[in-house]
Amino acid sequence: MTPEELKALEKAVSKAKRIASEKASEMHDLVEDRLPAAYEEIPGIAQSTYDACRTWAEAVARLKAAEAED
């Protein structure tokens, strides 16, 4: 893997982490500020947070696999 490809994977990890953190913040805000009135929002926010975290974990795994190749 080229240094540019590794840098692109690192950038993907950083972007995925930022998105996952934003989703986690949305979940936190729901819990802190809007529950119990906004209980119907729980499934959607939980799923998007889960998906973002899974995307981040997959990006980390790809980066680690690429680093192990070198």
Side-chain angles (χ1 to χ4, degrees):
M1 182 159 283
T2 68
E4 293 82 19
E5 291 171 322
L6 277 175
K7 191 145 187 100
L9 286 175
E10 290 170 353
K11 187 174 180 179
V13 167
S14 293
K15 180 180 179 182
K17 184 175 182 179
R18 180 185 51 79
I19 292 170
S21 294
E22 289 171 3
K23 293 298 180 181
S25 180
E26 286 178 30
M27 182 180 288
H28 178 267
D29 291 346
L30 173 65
V31 170
E32 284 283 312
D33 301 330
R34 299 194 316 269
L35 286 180
Y39 71 93
E40 291 178 344
E41 294 179 43
I42 293 171
I45 292 176
Q47 186 64 54
S48 66
T49 302
Y50 175 83
D51 292 343
C53 290
R54 186 176 61 204
T55 298
W56 168 78
E58 291 168 354
V60 168
R62 284 192 301 273
L63 177 60
K64 286 183 179 181
E67 290 173 337
E69 289 177 5
D70 288 342

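Positions are given from 1, in the same order as the sequence printed here.
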Quiz item: Which is it for K11 and K7 under the side-chain contact (heavy atoms from CB on, under 4.5 Å) test, yes or no, and what are the steps along the way?
Solution: CA-CA 6 Å; K11 187 174 180 179; K7 191 145 187 100; 5.8 Å; no
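- The structure places NE2 of H28 at 13.0 Å from OG of S21, a figure rounded to the nearest 0.5 Å.
- Nearest heavy-atom pair, A20 versus W56, reported as atom, atom and distance to 0.1 Å: CB-CB, 4.4 Å.
- Atoms CD1 and OG1, on I19 and T49 in that order, are 12.0 Å from each other to the nearest 0.5 Å.
- Between V60 and the choices L9, V13, T55, the side chain to side chain contact (heavy atoms under 4.5 Å, CB included) rule is met once, by V13.
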Exercise. Show your reasoning for whether side-chain contact (heavy atoms from CB on, under 4.5 Å) applies to E41 and E26.
Key: CA-CA 11 Å; E41 294 179 43; E26 286 178 30; over 6 Å; no
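- A pairwise comparison of heavy atoms in S48 and K23 identifies OG-CD, 3.8 Å as the closest pair.
- Both I45 and L35 are assigned to one and the same hydrophobic cluster, defined by single-linkage of ILVMFWY side chains at heavy-atom distances under 4.5 Å.
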Quiz item: Passes side-chain contact (heavy atoms from CB on, under 4.5 Å), V31 versus I42? Steps please.
Solution: CA-CA 9 Å; V31 170; I42 293 171; over 6 Å; no
